[in-house]
Protein chains: 2
Amino acid sequence: MNYSVSEENYLKTIFHLQKKEGTVTTNELAAELKTRPASVTDMMKKLKTKKLLHYQPYQGFRLTADGSKVALGIIRRHRLWEYFLAEKLNFTWDEVHEVAEELEHVSNKKLIDKLDAYLGYPKNDPHGDPIPDASGKIEQGKKIRLQDAPLQIPCRVAGVRNQSPGMLELLAHKKIRIGTILEIRQKFDFDHSLEVKTGKQQIITISRQLAENLLVTHED
Amino acid sequence: MNYSVSEENYLKTIFHLQKKEGTVTTNELAAELKTRPASVTDMMKKLKTKKLLHYQPYQGFRLTADGSKVALGIIRRHRLWEYFLAEKLNFTWDEVHEVAEELEHVSNKKLIDKLDAYLGYPKNDPHGDPIPDASGKIEQGKKIRLQDAPLQIPCRVAGVRNQSPGMLELLAHKKIRIGTILEIRQKFDFDHSLEVKTGKQQIITISRQLAENLLVTHED
DNA sequence: AACATAATTTAGATTTGTCTAAATAATTTT
DNA sequence: AAAATTATTTAGACAAATCTAAATTATGTT
Ligand SMILES: [Mn+2]
Ligand SMILES: [Mn+2]
Ligand SMILES: [Mn+2]
Ligand SMILES: [Mn+2]
């Protein structure tokens, strides 16, 4: 019932990767965790014997129901701490991830549930990602890329797919944050750039690269 | 500059033990950490090569200045988290230690300093122990007469009000020095004598005259 | 289908932290 | 001072997590 820091980091990363495609490969996971494929194989064998993973050699892997449950617990802790750091300790949203990466491994249930209550049961972390509740249930607001959002309909920035310093710098410059309301006025086929109206009625231009990495939900 | 959870637990425990007596022994430390003497010896060698410890085989050990500095950092984190848990998350004072035992190992300086600020720079943890500041300085409690110290609470001999030869002879005989830890077990109204437990777990009797002239501070 | 390339696994080594059992040193008792 | 006891260290082993290099399996190309 208790997992090592290393096991937890593997489980969480597999959970995220398998959302994008059904199944995760050895090299993919090694790249994401900055480790070697041989190390991944070793860990996959271990997680399989613990029944947290479906795995047959050369076939890729995905979490079992038990594995997903463990992963959701880690993600809950990670995102609650991110919220705490941003909301209570005044960390900026690009600083919180690194610290939460360590705090997430303190797995005392009472601590996390009390933290949740103290924070007022927040629904989303500072990056707009949903926070699983105490039972592991996660609210999926259907996030789409700004690029794919309909014209003339206001939507709300709910997350980013990329947290590179360059991206964050650009967002800061354009004054776009989680929660910012955007409405696409026009799409230009030539360079796939967008002309967008902000909540403050300013007209700005958003490049294809940025529009691909901005996640929005329907405003309501 | 970064230490493992295990190294940190050793450093912190040595710091606490060496306060009671100048030097710490292998068995003492093994008992406190619930490990084996052989494991302690292994770790002592490692901490010595890292220059955190003074250690010669069979001679016991104590922290170097560097080692104490690291230990104080761990104690600062531990006690700040204890304060947070009690004050903000409504943990009771007997629950906080166990959780802080894990949180103390998240050693991000910015996190701890921001937490400190958020909590309003508390001076003491929920057990009354002083919290070291960001530079590692620890506030020593004010000196009171042993006679006026609370029962069942360990305190530290910090001075004497009287330095007559007779007093010093008596102190030497009872093996009481500056730094000795004493805990009052019982106060007798008839003659105002005290039954006191020493740091070495010996039970001794201290007369009214002596108790009036011994100055102690709250431990730690 | 055969070959080349890429992905994955295996074999064997390393580091960290722990353990048991045996050897050695220090301390206490006689 | 010798013997007995206790404390400490050493030797050798093990589990966890990682690595490199080599072997194996899968995939893509001609
Ligand atoms: Mn992590
Ligand atoms: Mn996040
Ligand atoms: Mn600890
Ligand atoms: Mn405390």
Side-chain angles (χ1 to χ4, degrees), chain A residues 1-14 17-18 20-63 67 70 74 101-102 104-105 107, chain B residues 1-14 17-18 20-63 67 70 74 101-102 104-105 107 175 200-202:
Chain A
M1 284 291 172
N2 239 28
Y3 303 99
S4 72
V5 169
S6 202
E7 287 171 328
E8 288 192 346
N9 283 334
Y10 274 92
L11 289 169
K12 191 185 65 166
T13 304
I14 294 166
L17 288 176
Q18 76 181 11
K20 318 210 175 209
E21 322 183 17
T23 175
V24 183
T25 68
T26 304
N27 276 356
E28 225 180 337
L29 188 48
E32 190 73 19
L33 286 170
K34 287 170 179 144
T35 185
R36 296 298 181 166
S39 309
V40 171
T41 301
D42 288 344
M43 182 61 87
M44 294 308 97
K45 287 179 189 166
K46 200 209 308 191
L47 295 180
K48 184 186 177 166
T49 71
K50 296 195 178 186
K51 297 196 191 302
L52 298 170
L53 200 68
H54 297 292
Y55 166 60
Q56 293 300 102
Y58 297 101
Q59 303 281 118
F61 23 82
R62 57 182 216 289
L63 299 178
V70 175
I74 302 159
E101 204 54 50
E102 297 193 49
E104 70 187 359
H105 302 292
S107 59
Chain B
M1 285 289 173
N2 240 27
Y3 303 99
S4 71
V5 168
S6 202
E7 287 171 328
E8 290 192 345
N9 284 334
Y10 273 92
L11 289 169
K12 191 185 64 166
T13 305
I14 294 166
L17 287 176
Q18 78 180 10
K20 317 215 175 209
E21 323 182 18
T23 174
V24 183
T25 68
T26 304
N27 276 357
E28 227 181 336
L29 188 48
E32 191 72 20
L33 287 170
K34 290 174 175 135
T35 184
R36 297 297 181 167
S39 308
V40 170
T41 300
D42 288 344
M43 183 61 87
M44 294 309 96
K45 288 180 189 166
K46 203 212 303 192
L47 295 180
K48 184 186 177 165
T49 72
K50 295 195 178 185
K51 296 195 192 302
L52 298 170
L53 199 68
H54 297 292
Y55 166 60
Q56 292 300 104
Y58 298 101
Q59 303 281 119
F61 23 84
R62 58 181 213 289
L63 298 178
V70 175
I74 303 160
E101 204 54 49
E102 297 192 49
E104 69 187 0
H105 302 292
S107 58
K175 298 199 171 63
K200 287 175 179 154
Q201 308 299 324
Q202 286 175 313

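A, B, ... follow the sequence lines: proteins, then strands. Residue 1 opens every chain.
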(message) So that I can tick it off, tell me whether A:Glu32 and A:Lys12 are bridged by a salt bridge, with the cut-off set at under 4.0 angstrom between side-chain N and carboxylate O.
(response)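 No.
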
(message) What's the separation between atom CZ in B:Arg62 and atom OH in B:Tyr55, rounded to the nearest 0.5 Å?
(response)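 That separation rounds to 14.5 Å.
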
At under 4.0 Å, does any side-chain N or O of [X] touch on OP1 or OP2 of [N]?
{"X": "A:Lys45", "N": "C:dT10", "result": "yes"}
{"X": "B:Ser4", "N": "C:dT16", "result": "no"}
{"X": "A:Ser39", "N": "D:dC19", "result": "yes"}
{"X": "B:Asn27", "N": "D:dT8", "result": "yes"}

Within this structure, what is the [atom1]-to-[atom2] distance between [X] and [N], rounded to whole angstrom?
{"X": "A:Leu29", "N": "D:dT18", "atom1": "CG", "atom2": "P", "result": "11 Å"}
{"X": "B:Tyr58", "N": "C:dA23", "atom1": "OH", "atom2": "P", "result": "13 Å"}
{"X": "B:Lys48", "N": "D:dT9", "atom1": "NZ", "atom2": "P", "result": "11 Å"}
{"X": "B:Glu7", "N": "C:dT15", "atom1": "CD", "atom2": "P", "result": "15 Å"}
{"X": "A:Gln56", "N": "D:dA26", "atom1": "CD", "atom2": "C1'", "result": "16 Å"}
{"X": "B:Leu33", "N": "C:dC19", "atom1": "CG", "atom2": "P", "result": "10 Å"}
{"X": "B:Arg36", "N": "C:dT20", "atom1": "CZ", "atom2": "P", "result": "5 Å"}
{"X": "B:Asp42", "N": "C:dT16", "atom1": "CG", "atom2": "C1'", "result": "10 Å"}

On a heavy-atom basis, which atom in [X] and which in [Y] lie closest, and how many Å separate them?
{"X": "A:Glu28", "Y": "A:Thr23", "result": "OE1-O, 4.2 Å"}
{"X": "A:Ala30", "Y": "A:Pro37", "result": "CB-N, 3.7 Å"}
{"X": "A:Gln18", "Y": "A:Leu63", "result": "OE1-N, 3.0 Å"}

Under 4.0 Å, heavy atoms only, any strand: does [X] hit a base, just the sugar-phosphate, or nothing?
{"X": "A:Ser6", "result": "sugar-phosphate"}
{"X": "A:Tyr55", "result": "sugar-phosphate"}
{"X": "B:Phe61", "result": "nothing"}
{"X": "B:Pro57", "result": "sugar-phosphate"}

(request) Could you work out which one of C:dT9, D:dT8, D:dT10 sits closest to the side chain of B:Ala38? (result) D:dT10

(message) Nearest heavy atom decides the nucleotide; on that basis, is A:Met43 or A:Gln59 closer to the 5' end of DNA chain D?
(response)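 Result of the comparison: A:Met43.
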
(request) For B:Thr25 and for A:Thr35, find the nucleotide of DNA chain D with the closest heavy atom, then tell me which residue's nucleotide is more 5'. (result)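 Final value for this comparison: B:Thr25.
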
